[in-house]
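As the structure lists them, so they are numbered: ligands from 1, and atoms in each ligand from 1.
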Amino acid sequence: MIPPVPHIVLTGATGQIAPLMVRHLPAHHRVTLTSRTPSPGVDRPGVRHVTCDYDVCESLVAAFRDADALFVVTNDPTRPEHDRNVVRAAVEAGVGHIVKLSAAAVLDDGAHDLVTEWQRRNEERIRASGIPWTMVRPRSFMSHALGWAPDIRGHDSTYALHPHSRNACIAPEDVAEVSARLLGDSGHYFRSYQLTGPQALSAHEQSAVLAEVLGRPLVCRELSPEEARRRHSRRYSEAMADALLVSAERQLAGAKSRTTDTVERITGRPATTFAQWALDHRDRFA
Ligand SMILES: NC(=O)c1ccc[n+]([C@@H]2O[C@H](COP(=O)([O-])OP(=O)(O)OC[C@H]3O[C@@H](n4cnc5c(N)ncnc54)[C@H](OP(=O)(O)O)[C@@H]3O)[C@@H](O)[C@H]2O)c1
């Protein structure tokens, strides 16, 4: 008998990670991408988009039905019912394996901000679901630097609270490739992976790299906590802005600078440097 074609479901179709995962999945797999809004189409046969909403459990059950593996991305710590619905639907839909996009901070003893506590509860819920699981715990994505693009274009500046504190940030492309390799692989069941880039860098050092890549000087300016809060509030809820400020203090204390070799162990190639990531995304800053 011909074995059935594996079915992989990726939530977060319009987010940073899921669209980058598709090219790392075996070409014969059936892939379903899900989000509330249609994704801008991944050009590969066997890939479809299904609309669903974390608020509507039935829409999730329908989207997850018979998935051999499910990649879970949720992004609102103030809406824990989203995470409860996702796990309930995964159980009801008969999902075979959950790969959960979590965060490195869950391992930091001193981390008690809103986002970290939410991710800890999410992990616990998945571990209690009865479905085989794998946790992916990345440090900050290098793509946060894209938030500087208007400042760089407008006045050759970057901005950060604690600009000399370091973070072992990771390329979203690396998070995606590792996550894709874990999906449906029983060798990774019941394991958690902390992912970082190859070195810890400060905002000041990232600015110097960007200046080199763009071929012109940039000034990295220090923000006061009030200014940092105002900038976060443009993109995030008040609760998230507060959590990010608390998290920045942990970074200042050195909690985010340790690197791991997980990307290399899982993909067989070194983790992407910030310099390479900046070169690959040069057009976004120019
Ligand atoms: N950013 C970092 O540096 C970083 C580092 C470590 C861990 N993480 C973790 O990575 C995760 C992703 O974070 P992000 O903010 O960067 O997310 P993101 O890439 O913007 O992705 C969020 C996705 O969730 C979908 N979504 C949101 N609400 C939904 C709903 N009600 N129903 C269905 N889909 C919904 C969005 O699609 P639609 O809105 O189109 O529906 C989008 O595709 C978070 O869990 C975060 O803690 C992030």
Please work out which of Gly12, Cys52, Pro19 has its closest non-hydrogen atom nearest to atom 33 (C) of ligand 1. Cys52
Is any NZ, NE, NH1 or NH2 atom of the basic residue among Arg79 and Asp55 found under 4.0 Å from an Asp or Glu carboxylate oxygen of the other? yes
Among protein heavy atoms, which lies nearest atom 19 (O) of ligand 1, and at what distance? Gln16 N, 2.7 Å
Do Leu20 and Ile170 land in one hydrophobic cluster if side-chain heavy atoms of ILVMFWY residues count as linked below 4.5 Å? no
Does any N/O atom on Gly15 come nearer than 3.5 Å to any N/O atom on ligand 1? yes
Pick from Ser102, Ala13, Ala63: the one approaching atom 9 (C) of ligand 1 most closely through a non-hydrogen atom: Ser102
Ring pair (Phe, Tyr, Trp, His ring centres under 6.0 Å), that's the test. Do Phe190 and Trp133 meet it? Break it down for me. CA-CA 5 Å; Phe190 310 115; Trp133 50 264; 5.7 Å; yes
Please determine whether a side-chain nitrogen of the Lys or Arg among Asp151 and Arg231 lies less than 4.0 Å from a carboxylate oxygen of the Asp or Glu. yes
Hey, is Arg137 one of the residues with a heavy atom under 4.0 angstrom from ligand 1? no
If you measure every N/O of Thr37 against every N/O of ligand 1, is any gap under 3.5 Å? yes
Just to be sure I'm reading this right: ignoring hydrogens, which of Asn75, Asn85, Asp53 gets closest to atom 15 (O) of ligand 1? Compare them by their nearest heavy atoms. Asn75
Of all protein heavy atoms, the one nearest atom 43 (O) of ligand 1 is Thr14 OG1, 2.8 Å
Per atom 46 (C) of ligand 1, closest listed option by heavy atom (Gln119, Glu81, Arg36): Gln119
Report yes if Lys100 has an N/O atom closer than 3.5 Å to an N/O atom of ligand 1; otherwise report no. no
